Amino acid sequence: MPRFTTVALVLSIFATIASGQADPSLRWNVYVLTGQSNALGTTWLEGDDVSEWGPGTDPADAATEFFWSNVDANNISFPPDLYGDSAGTISTLQMQQGDTVGNDLFWGPEFGLARELYALGAAGRTLIVKATRGGGGNALWNKTVFESNNDDGHMWGHLCGTVDQALASIAATGGCFAVRGLLYMQGEGDSAPEAAMSETRITDLHTNFKAHVNSLYPNAADQMQTAVLEFAASTTTALRVESALGQIDASLNNADIIFIRTTDLPLKIDNLHFPRDSKLEAGARAARALFGVAEPYESVRYVSSAGDPQTAAEVESPPMQGFSETGFDANVTSQGVLDGTEPAWQLLDDSSSVNPTLYRSLPLFDLGSMYQGGWVLRARARVVSGGGTALWSVTDFADPGWGIATGTGTMNGFRLSRLAGDELHVSLWAQPVKVALGPGSADAYHTFELRGQPQSTLCDFYIDDVLYAQDIDFTTSTGGSGLGDRLVMQSGSGSGTGRDTYWTELSITALPVNAPLPCGFAVQYGTGCAGQGGFIPNVSMSGCLRVTESFDLDLTQGLGGANAAVVIGYGRSDLTIAGDCALYIADPIPTALPVVLSGALPGEGSYNTLLDGPLGVPVPLCFTLQAFVFDEASPLGLSVTPGLEIRID
């Protein structure tokens, strides 16, 4: 059958499926939320009225299905004691039952998740299943611990049981669903042994939960990503840092685990729990990451234009934006200026003995996130006289994955020098890379960037968005023993009389690790029946089943040279035709795909065609498929494949 004919016919069939789905509302994407108090979502310490601590309203709330069961923080048994649940029914998104110690109601990142998915145009229906707990360490979510002692691992059992109930409700309606995301926010309650096992525990949770869902509903969790939301106050104790670093390592070693930064989000006065806006943003970040549109995370940034200053005195100093100072004396000038209309921070060094420096520390998990997804060091400046330096550094003992084996560490950044009166020269720290920008260049502001490659020691060098050098191995640049893990702006010389630079921006940004867009799946069911020679034909689809991709339809093991028909329906069936042959599709559409098998002998017959994704039809597109091979010498005059349930996203 010519390909153009096949394509036209298949597109017609897809359009028929889309327009005539037995119930288009039965197409679901499922997201599961679990974890401790910030996943549960406290509401105390935020005011006396729901208008202050509630999530407000949004059209997504009524458009999102919701199933929940939240465990009391004091529970020590399985089945657990609950704060409350949805009584085993799927409802719409809403706040949940509170406790007796200040939380009138609970709600967490589920609202931000739902609203961002809605805004991103997520296809089909969205179901969020929430199974959280008021506190506790990661052992509570561990399958092995649960199997050893149900009470000690009760959150694993509760998570699976809650999700099983929700999915059974969908399956009972004939719904076509996929579990797309597991959101996990936990870690501040880990004990020392639990913190040490953080990487293993999150990896096990992802692997075991995916396997659990697939054991009940084959392939339903094949494309599941686990979004680990960084827990609040992750920098405040050594145990919390260890837990967070373990979660980052889990994401580095498993492409289906994504670590999402939250340390920039404000906390309540208790310095442990997220208030309303932070909960909404945390959930939205998870949605964007799972949708493949995660954003960069600015670990540190100074910008002179903050607050739109109109005078030099209004320009915020770097210390006002979290930087510290060192190496200043009476011969150093550090102040805001208006350079024409451009607000800037002036760092003028007329000393003969100091190197004035403004710096901010880079925590270990900032460095880890930079390694994970890549990074950008960005500086914007104009050199008035002499020069200046901007760089970031990491010590070898803090090395979060770059492989800095010896010495004091590495330093990476820019040395700026004004030469020949009006020409700017730019060199990289301890690297044989030097750029002369030409006459007049020193009189203008320029943007300098190092762009680090993910999970690599290589970076690329840009000036004003133009690439000047690439694949620079920054670990060959020896660090200074006293600099530490920092982002630094300085004059650049201990005796640099007259080194005067105007800075408008200095930042270090960790780039995101985005989830790939999900593919659909094809699940085989039933047994089929044999034709000549005892061969049972088989039908399959392979490739990424997504409307933007192409995928293969394969029919094999049929009678060579025989005619066959691929028939499509809206659901599963198991209706005996005769003998051991059965019809496995329900509500078949009137149009079938006719094919002719290659080969000449029984079992040799095959057919393959490359199908283009059906752009323009609503997704997910869910249907069933079965092939019939005409075989006059067989007892029934035909042989039949098993059924194939298909979801195209």
Side-chain angles (χ1 to χ4, degrees), residues 116 120 181 225-230 234-235 244-245 247-265 281-282 284-303 360-380 390-394 398-404 410-414 428 447-475 477 485-488 505-517:
E116 192 68 14
L120 290 167
Q225 302 276 334
T226 292
V228 181
L229 288 156
E230 181 182 8
S234 61
T235 66
L245 287 173
Q247 293 176 352
I248 289 177
D249 286 343
S251 68
L252 285 172
N253 295 319
N254 189 316
D256 289 330
I257 299 175
I258 309 165
F259 185 78
I260 300 170
R261 300 302 309 277
T262 66
T263 36
D264 61 316
L265 300 179
E281 175 59 19
R285 288 181 183 181
R288 291 191 288 270
L290 292 168
F291 222 74
V293 290
E295 58 272 281
Y297 176 87
E298 276 191 334
S299 298
V300 178
R301 185 185 189 210
Y302 172 70
V303 56
R360 272 193 64 174
S361 296
L362 295 170
L364 277 178
F365 37 83
D366 278 12
L367 295 168
S369 292
M370 290 162 60
Y371 177 75
Q372 179 189 32
W375 51 274
V376 176
L377 168 66
R378 189 172 192 267
R380 184 172 182 268
L391 56 88
W392 71 274
S393 63
V394 56
D399 179 6
W402 283 297
I404 304 169
T410 181
M411 301 205 309
N412 324 282
F414 318 105
L428 297 186
T447 299
F448 313 97
E449 289 183 327
L450 285 179
R451 302 180 187 179
Q453 300 171 20
Q455 300 179 42
S456 169
T457 64
L458 303 181
C459 62
D460 304 323
F461 175 35
Y462 288 79
I463 302 176
D464 297 329
D465 213 31
V466 175
L467 177 65
Y468 279 83
Q470 62 187 123
D471 294 338
I472 302 162
D473 188 344
F474 68 76
T475 60
S477 301
D485 310 319
R486 293 175 175 177
L487 177 65
V488 169
E505 183 177 346
L506 178 63
S507 62
I508 190 79
T509 301
L511 301 180
V513 178
N514 291 319
L517 292 174

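Everything numeric in this text was worked out from a predicted model, so none of it was measured. Atom set for the values below is all heavy atoms of this structure, side chains included, hydrogens, waters and symmetry mates excluded.
- No side-chain heavy atom of Trp392 sits less than 4.5 Å from a side-chain heavy atom of Asp485.
- Every residue meeting the side-chain contact (heavy atoms from CB on, under 4.5 Å) condition with Pro296, not counting sequence neighbours, appears here in chain and number order: Thr509, Leu511, Pro512.
- Listed by chain and number, the residues in a ring-ring contact (aromatic ring centres under 6.0 Å, His included) with Tyr297 amount to none (sequence neighbours excluded).
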Decide yes or no on side chain to side chain contact (heavy atoms under 4.5 Å, CB included) for Ile404 and Val394, but give the supporting numbers first.
CA-CA 9 Å; Ile404 304 169; Val394 56; 3.5 Å; yes
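- Judged by distance alone, with hydrogens and angles left aside, the side-chain atoms of Arg285 form a donor-acceptor pair with the main-chain N or O of Arg261 at under 3.5 Å.
- For Asp460, the side-chain contact (heavy atoms from CB on, under 4.5 Å) criterion is met by Gln453, Tyr462, Leu467, Gln470, Asp471, not counting sequence neighbours.
- Considering every non-hydrogen atom in both Leu362 and Ser299, the closest pair reads CD2-CB, 4.5 Å.
- Across every non-hydrogen atom of Leu229 and Ala286, the tightest pair is CD2-CB, 4.2 Å.
- The side chain to side chain contact (heavy atoms under 4.5 Å, CB included) test with Ile258 is passed by exactly one of Asp256, Asn254, Ile260: Ile260.
- Residues satisfying the salt bridge (Lys or Arg N to Asp or Glu O under 4.0 Å) criterion with Glu116, sequence neighbours excluded, are Arg288.
- Interatomic distance, CG of Leu252 versus CD of Gln455, reported as 5.0 Å (0.5 Å rounding).
- Residues satisfying the side chain to side chain donor-acceptor pair (under 3.5 Å) test with Asp399, not counting sequence neighbours, are none.
- Contact detail for Leu364 and Ala398: the closest heavy-atom pair is CD2-O, 3.1 Å.
- Taken to the nearest 0.5 Å, the CD1 atom of Ile248 stands 8.0 Å off from the OG atom of Ser234.
- The side-chain contact (heavy atoms from CB on, under 4.5 Å) check on Arg378 picks up Val376, Thr447, Glu449, Glu505, Ser507, with sequence neighbours excluded.
- To the nearest 0.5 Å, atoms CZ (Phe461) and CG (Leu377) are separated by 10.5 Å.
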For residues 367-374, please give each side-chain donor-acceptor pair under 3.5 Å, one per line with the distance, not counting sequence neighbours.
{"unit_1": "Ser369", "atom_1": "OG", "unit_2": "Phe365", "atom_2": "O", "d": "3.0"}
{"unit_1": "Tyr371", "atom_1": "OH", "unit_2": "Gly401", "atom_2": "O", "d": "3.3"}
{"unit_1": "Gln372", "atom_1": "NE2", "unit_2": "Ser251", "atom_2": "OG", "d": "2.4"}

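- Using a distance-only test at 3.5 Å, with no hydrogens or angles considered, a donor-acceptor pair links the side chain of Thr410 to the main chain of Phe474.
- The line from CG of Leu428 to CG of Leu391 is 11.0 Å long, rounded to the nearest 0.5 Å.
- With sequence neighbours left out, Arg380 forms a salt bridge (Lys or Arg N to Asp or Glu O under 4.0 Å) with Glu342.
- To the nearest 0.5 Å, the span separating OH on Tyr302 from CG on Leu506 amounts to 10.0 Å.
- Partners of Thr226 under the side chain to side chain donor-acceptor pair (under 3.5 Å) rule, at least two apart in sequence or in another chain, are His206.
- A distance-only check finds a donor-acceptor pair linking the side chain of Asn253 to the backbone of Asp249 [under 3.5 Å].
- Using a 4.0 Å cut-off between a side-chain N of Lys or Arg and a carboxylate O of Asp or Glu, Asp465 and Arg451 qualify as a salt bridge.
- Within the model, atoms CG of Asn412 and OG of Ser393 stand 8.0 Å from one another, a figure rounded to the nearest 0.5 Å.
- Across Trp375 and Cys459, no two heavy atoms sit closer than the pair CZ2-CB, 3.8 Å.
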Verdict with supporting geometry, Ile257 and Val228, side chain to side chain contact (heavy atoms under 4.5 Å, CB included)
CA-CA 7 Å; Ile257 299 175; Val228 181; 3.8 Å; yes
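- Legend: residues meeting salt bridge (Lys or Arg N to Asp or Glu O under 4.0 Å) with Asp473, ordered by chain and number and at least two apart, are absent.
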